[in-house]
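Below is one structure, written out as structure tokens; comments come after it.
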Amino acid sequence: MWKTILRRVLIMIPELIILSILVFLLAKAMPGDPFTGSINPKADPAQIHHLMEIHGLYDPWYQQYWNWVVHLFHGDLGMSYEYQEPVVTLIQQRGANTLWLALFTMVLTYVIGLPLGLYAAHHEGKLQDTLVRVYTYVTMSIPFFVVLVLGIWIFGYALNWFPTSGSVSATASGLGATTMSRLGHIILPGLLGALFGTVNIVQYLRSEVIDAKHSDYVRTARSKGVPMKDIYRHHIFRNSLLPIAAFAGYSITGLLGGSIFTEMVFSYPGMGLLFLNAINFRDYTVITALVLLYGFLNLMGTLLSDIVLSIVDPRVRIE
Amino acid sequence: MSTKKWLTIGIATMSVMALAACSNKSSDKSGAVKHITMSAKYSGPGKATTEGNNSTLKIAEVNDAPFTGIASGTLASNAEDSDVFSPGAPGGADELFNVTKDWKIVDGGLANQRINRKDKTVTITLRKNARWSNGDKVTAKDIEYPYEIIGNKDTTSQQYSSDFAAIKGMAAYHAGKAKTISGITYPDGQKGRSVVIHLTKVAPSMKYSRNSFIWGGVEPYEYYKGTPISKLASSKQVRKNPIFTGPYKLDKEVQGESTTWSPNKYYWGKKAQIKHITIQVVSMNNIVAALNSKKYDFVLGGIGSAQYPKIKKLKDYGLAGTPALSYSYFGFNVGHMDPKTGLNVMDKNSKMANKNLRRAMMYAVDIDAVAKKFGNGLSWRANTLIPPVFKDVYDSKAAGFPYNMKKAKSLLDKAGYKKHGKWRTDPNGKKLVIHLGAMSSSSSTEATYQYYLQQWHKAGLDVKMTGGKPMEMNSFYATLQKPKQNKMDVFLGAWQTSSEPTPTQLYGVDAPYNMGHFATKKNTELLNSLNSNKAWNAKYRVQQYKKWQEYMNSQAAVAPEQFSYSWSPVNKRVKGYDVSEQNNEFWSDMTLTAANPK
């Protein structure tokens, strides 16, 4: 298995190189440049021209690409044109915010989704099952941004229970207060994300459990007199987790992706907004760095999912 | 409104404004159009209390993206940064100088300015008690340092313009041939209080703040010492612990989200009365709800007019504002820029070369109606290319282009654009298809594009949108800024102007932002006269400004679309809110009557 993992990691290298070239070319192919929007009566185009020159934006693409690769190996992803800060610093700041929120949301999603799925399957066909299913359908069919807007309006503005903007209070000082303030800022978006993002987990788990309940080995176990509780714990639950486990790799690496909707509505400075703005402002260095990072995370996610799957399901072996 | 840079902000403001409108009064057929007026001042009822003044003034910066966080005015290139760091700068228009209602520089600010026309020098002298918020003295070198930052070969600042080359030695420094700017001298040494700027020419515009020759700010040279200019924008001194000369000092900055302030005990002017200020980014979508639940006292960065009816109804907020330093316009493509000379050249044979065609297109659209329909009294049909906020030089009597379809049709008929079937042809009988370029925007702004098309169709002109739909901002400007383009025959744009009104950088023969390439001898003459020697005479200057506005209207190569208000709701616990131009103590004047927004 280790050999396979190593091989897969090695294959990732050419994949990443191709990805980076593609991203680099596509980013440059977009109309405009980092300074297009800067025209104002006080910014002289000659100065903009000069800035383009010192940033090497007139060089042929392969030269720009090469410079970028060389810097990359020095751990330098370049400076953001928009923020005038190293891209690494930017990603660290925004990544931390996103990670907090995403982790919180993910944990909540599983905490809510797993028991619900099991509960529904356990009461298959009964009222309880119907209620859970209706809940998942309803949450799935409401566009998430509507949920967010309603959520912030009711709990943020009308009831004033939660903060409505940013990742931390402007006045919080000291580690304790800052941490609490950060937590306070992610509760509402996290909770909304979890309550309205459980549909996959619940439905997968429910149908898997129902499938398993009717399978031969469960019937055999039951006929041998094994208590239902044990059957659930040892046979059904473990088997039913397979599709969810297959998801897990992606979920973990997806933590850094950020959610544009959530970040927009809550003015939460995370990776989603960073990426969106970078595209709007032609902030090439940030675009390339982020796409590459996402590409890498996706590849890692696939690998991780395979590994997790092979651990959960002894029948699956990576060879 | 999102953030990008200067222009985007302009566009956003404008797009909203493009939809803003005259409240209920329609235009009279000539001269300035009536619109609502708003006071620049607001003072809530009751008396200021200690409890109120010891609390926190809560301000929302309305923006859909986190702010950049560059606290230096010389290096920042967007409006959000100057907003969130504004309590650090003295009130009014400028950090260095106090100004009048026309932004004329007057004595009494951080520094005074004297222009010597004979010697072609400008002397700037700091007040005796000028200090930075860390207690350091503001020195002559601090006045000079912005010029070094702006002109530096490796700078990240976008502020350098050809006008700075009028400072002796600046060109050599900018090219990297000199280590210092020889034309800036220190009569009493670098640590003294004054600098003398030696120029190759002096212009009347230098009397006004934020002109293109004299920089209106200071930078703490000693505090920055050791950081190369190319690295300043990402340095700790600029991003984490910036210092200021204004009434407040920065206590804390949450990157991209908020800034927190307390009074600066070293401030030379009127002492700040409110003990704490926080400025927090709030997205445009949430601002009405936020104000409704009284989370903020007022806003910076501007709210669109679309929100105005809801905000007007808020019982606990008053409204205050001034006409905005901006306007939107129709530009016509009448030529190209010669890349060799850098000069704009008109093409006699270009599609839009006939001024009567351009004028007809302007008369065919009812901008008053657009303003009425979408705005809420906060924007109105513009009648010239100088915003009314420049009270002295704005021509309130200019007619502009009030709606007159009959006149439009007759202009076209007379100019030979005869109707053949559904559409008119050009005077040579050839098919005429005109392309309108405009940026993607809110649904209401895009509805106005459709309205314009519809009106032009009514006049018999076959006008289509470039590419069939509104363009993304980058594509739009990338196309327009090409030396020669034929994708857009008419385009919709907006300008935010500086507080000095000279329009040469937008419409001059050598102006790269003259994107429609209108360039005539008369225009050049008139533009030059605005800052000629004679223009030191105020009367002459005003007269020439009016002549220029009249001339531009007669040519309709760039035609005004809308003016607007820049405004904010203000909570009734706030007293002394005053955004008028001549208020040089905006932050120190304010007091609070309660501990929380009421």
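Order of the sequence lines sets the chain letters (A, B, ...), proteins ahead of strands, with each chain counted from 1.
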> Side-chain contact, heavy-atom cut-off 4.5 Å: H185(A) with E257(B)?
Replying inline: no
> Hey, does M264(A) have a side-chain heavy atom less than 4.5 Å from the side chain of S283(B)?
Replying inline: no
So, the side chain of [X] versus the backbone of [Y]: is there a donor-acceptor pair under 3.5 Å, distance only?
X       : Y       : value
S165(A) : V281(B) : yes
K252(B) : A172(A) : yes
N286(B) : V265(A) : yes

Can you tell me which portion of [X] sits under 4.5 Å from chain B's heavy atoms? Options are side chain, backbone, both or neither.
X       : value
L274(A) : neither
N97(A)  : side chain
S169(A) : backbone

[X], part contacting chain A, at a heavy-atom distance under 4.5 Å:
X       : value
T278(B) : side chain
S157(B) : backbone
E253(B) : neither
N292(B) : neither
F164(B) : neither
K294(B) : neither
H174(B) : side chain

Crowding at [atom1], [X] (>12 non-hydrogen neighbours, <6.0 Å):
X       : atom1 : value
L159(A) : CG    : yes
K487(B) : NZ    : no
F296(A) : CZ    : no
F261(A) : CZ    : no

Gap separating the [atom1] atom of [X] from the [atom2] atom of [Y], nearest 0.5 angstrom:
X       : Y       : atom1 : atom2 : answer
I70(B)  : E82(A)  : CD1   : CD    : 8.0 Å
N285(B) : L148(A) : CG    : CG    : 11.5 Å
K295(B) : N160(A) : NZ    : CG    : 4.0 Å
L90(A)  : Q255(B) : CG    : CD    : 7.5 Å

Where do [X] and [Y] come nearest, in terms of heavy atoms and distance?
X       : Y       : result
F67(B)  : Y83(A)  : O-CE2, 4.0 Å
N277(A) : P66(B)  : ND2-CD, 4.0 Å
Y157(A) : A289(B) : CD1-CB, 3.4 Å

>> Pairing donors with acceptors under 3.5 angstrom, does anything connect the side chains of T68(B) and Q84(A)?
In response: no
>> Which residue in the set K236(B), K240(B), R239(B) passes salt bridge (charged side-chain N to carboxylate O under 4.0 Å, His left out) when paired with E85(A)?
In response: R239(B)
> Top residue by heavy-atom pair count (under 4.5 Å) with chain B, among L273(A), T171(A), V168(A)?
Replying inline: V168(A)
